[in-house]
K.L.:
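Sharing a structure with you now.
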Amino acid sequence: MSDGNYNRNLLPYTQYTSGVKAGRAQMKTLAAEAFKAWYAEKKPMAAESEIKAALTEFISHINA
């Protein structure tokens with residue numbers, strides 16, 4: 001261990017951090033699926049390319 005100037009690389013690995021990351025990834029996937037369903041309901045005549053473009057933009061906002 002360091003002398004008080006903690007560095008994440010020096011700390012022991014815990015399952016908590018990987019669980020949080022997995023949960024975030026799962027929630028982003030669920031949000032993308034919900035957005036796609038909402039968009040298809042909102043604009044039923046939308047082309048597949050338009051839905052993909054909107055989904056890509058939504059995902060970029062999630063990851064920001």
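Here the structure is a predicted model, which is why all the values come from computation and not from measurement. Note: hydrogens, waters and symmetry copies are ignored here, and every other heavy atom, side chains too, is used.
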K.L.:
What closest approach, in Å, do I62 and A31 show between heavy atoms, and which atom pair accounts for it?
P.N.:
CD1-CB, 4.1 Å

K.L.:
Show me the pairs that pass side chain to side chain donor-acceptor pair (under 3.5 Å) and involve residues 38-53, at least two apart or across chains.
P.N.:
Y39-E50

K.L.:
Roughly how far, to the nearest 0.5 Å, is the OG1 atom of T29 from the CE atom of M27?
P.N.:
9.5 Å

K.L.:
Looking at CZ of F35 and NZ of K28, how far apart are the two atoms once the value is rounded to the nearest 0.5 Å?
P.N.:
16.0 Å

K.L.:
Who passes side-chain contact (heavy atoms from CB on, under 4.5 Å) against A40, sequence neighbours left out?
P.N.:
none

